[in-house]
Amino acid sequence: MSLTTTPPPAEMATDTGSQHIRDTLRDAIVERRLAPGTKLSESDVGELFNVSRTLVRAALQALSYEGLVNVEKNRGAFVAHPSIDEARQIFATRRLIEPGIVRAAAANIGKTELAELRRMLAAEQRLTEQRGQSARRAEIKASGDFHLALADLSGNAILRRFMDELIARSSLVIALYGQSTVSSCGHSEHDEIVNALERGDIDAAARLMVHHIDHIEADLDLRTHKSTDLKAALEL
């Protein structure tokens, strides 16, 4: 019996390589290490990952389907720069969907699940007490992970994938329009949602989620700014 491992088909290896690039770039975008508008040159990305431009192109196309990257003809790929209207639509969508996720999750939450949510909140709290850009990025990711954990508990894989995109796009919006230096996804509000779920008050948990999303959006500067001439902009 031969123990020689048959190499994977070329298309499978290609898919795996492209997925790795996509996941790495996606994490950098979601954690705001890549700012909106950043150019993603196929040659530069390919050099960093030591792969062909074909693999990079596939990864960038996948990210464009999620709304995280804009691919422009004759210009290349850029980290998406959501408009004010897009920002409002993202949070309007979250207000419609996340209360339903909370209700669906409530049916599947027991002591074990509550303990895991509490563990996540404790880790998030520790990050809020730290300083520095790396801690800030980790806190932002932890905040998003809480919402994704509730989506996992809903038991609905389609909702989970949809939330993955919404949280990622929310991160872009916060990077562009966020005003405060503290977490835009309040730890205490997460705690209140879990408290309501623990005591079985599902209506309250759903209301708290809407309030929480309202709070995140309220921290954004989504006013339409009229363009002015240079002199007026500099107040000279």
Side-chain angles (χ1 to χ4, degrees), residues 2-91 93-94 97 132-145 147-149 151-152 156-178 184-185 220 222 227:
S2 173
L3 297 179
T4 302
T5 302
T6 303
E11 61 270 19
M12 187 181 298
T14 297
D15 288 346
T16 302
S18 178
Q19 184 70 27
H20 172 65
I21 298 166
R22 176 260 184 197
D23 289 346
T24 304
L25 289 174
R26 190 183 193 283
D27 288 345
I29 292 170
V30 169
E31 294 171 19
R32 295 198 265 183
R33 287 180 278 127
L34 282 173
T38 301
K39 184 173 177 58
L40 300 172
S41 162
E42 288 182 6
S43 58
D44 288 347
V45 175
E47 186 176 338
L48 287 170
F49 286 90
N50 194 28
V51 298
S52 69
R53 293 178 64 170
T54 301
L55 283 181
V56 175
R57 194 173 301 121
L60 294 175
Q61 195 63 52
L63 290 169
S64 75
Y65 291 145
E66 294 184 65
L68 298 181
V69 165
N70 292 331
V71 179
E72 302 178 19
K73 188 176 181 180
N74 299 324
R75 293 195 67 229
F78 300 82
V79 177
H81 193 294
S83 68
I84 288 174
D85 283 345
E86 285 177 298
R88 291 191 175 118
Q89 289 170 19
I90 287 166
F91 283 95
T93 302
R94 289 185 63 175
I97 289 176
Q133 284 298 316
S134 60
R136 173 68 175 136
R137 288 195 298 265
E139 181 196 354
I140 292 165
K141 184 179 186 301
S143 294
D145 285 348
H147 292 263
L148 295 176
D152 280 331
N156 187 318
I158 293 174
L159 266 180
R160 174 58 172 79
R161 288 197 297 271
F162 195 24
M163 276 303 298
D164 207 29
E165 178 179 333
L166 280 175
I167 293 299
R169 296 181 74 172
S170 294
S171 181
L172 273 175
V173 168
I174 293 167
L176 270 174
Y177 302 109
S184 54
C185 199
L220 306 175
L222 297 179
S227 60

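Excluded from the calculations below are hydrogen atoms, water molecules and symmetry mates; all remaining heavy atoms, backbone and side chain alike, are included. If you read the sequence from its start, that first residue is 1, and numbering goes on from there. Here the structure is a predicted model, which means the values were calculated and not measured.
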With rounding to the nearest 0.5 Å, note down the distance linking [atom1] in [X] to [atom2] in [Y].
X     : Y     : atom1 : atom2 : value
Lys39 : Asn70 : NZ    : CG    : 12.0 Å
Arg53 : Ser41 : CZ    : OG    : 6.5 Å
Asp23 : Leu63 : CG    : CG    : 8.5 Å
Thr93 : Glu86 : OG1   : CD    : 11.0 Å

### Task
Carefully, step by step, assess Leu176 and His81 under the rule side chain to side chain contact (heavy atoms under 4.5 Å, CB included).
CA-CA 8 Å; Leu176 270 174; His81 193 294; 3.3 Å; yes

### Task
Give a yes or no on whether Glu47 atom CD has more than 12 heavy-atom contacts from other residues, nucleotides or ligands under 6.0 Å away.
no

If you take all heavy atoms of [X] and [Y], which pair is closest and at what distance?
X      : Y      : value
Ala59  : Arg22  : CB-N, 3.7 Å
Ile167 : Gly144 : CG2-CA, 3.9 Å
Pro82  : Tyr177 : O-OH, 2.7 Å

N/O donor-acceptor pairs under 3.5 Å from side chains in residues 157-166, not counting sequence neighbours:
unit_1: Arg160; atom_1: NE; unit_2: Asp152; atom_2: OD1; d: 2.7
unit_1: Asp164; atom_1: OD2; unit_2: Arg26; atom_2: NH2; d: 3.4
unit_1: Glu165; atom_1: OE2; unit_2: Arg169; atom_2: NH1; d: 3.2

Would you tabulate the side-chain donor-acceptor contacts of residues 72-80 under 3.5 Å, counting partners in other chains and residues two or more places apart, or write 'none'?
unit_1: Glu72; atom_1: OE1; unit_2: Arg75; atom_2: NH1; d: 2.4

Considering only heavy atoms from C-beta outward, does the side chain of [X] approach that of [Y] to under 4.5 Å?
X     : Y      : result
Val56 : Leu40  : no
Phe91 : Leu220 : yes
Ile29 : Thr38  : no
Arg33 : Asp27  : yes

### Task
Begin with the C-alpha distance, continue with both residues' side-chain angles, and end with the deciding distance and a verdict on side chain to side chain contact (heavy atoms under 4.5 Å, CB included) for Leu68 and Leu25.
CA-CA 10 Å; Leu68 298 181; Leu25 289 174; over 6 Å; no

### Task
May I ask you to check whether Gln89 and Asp85 show a side-chain donor-acceptor distance below 3.5 Å?
no

### Task
For Phe49 and Leu55, run side chain to side chain contact (heavy atoms under 4.5 Å, CB included): C-alpha distance rounded to whole Å, both residues' side-chain angles, the deciding distance at 0.1 Å, then the answer.
CA-CA 10 Å; Phe49 286 90; Leu55 283 181; over 6 Å; no

### Task
Report yes or no: does Arg88 contribute a side-chain atom to a donor-acceptor pair with the main-chain N or O of Leu222 at less than 3.5 Å?
yes

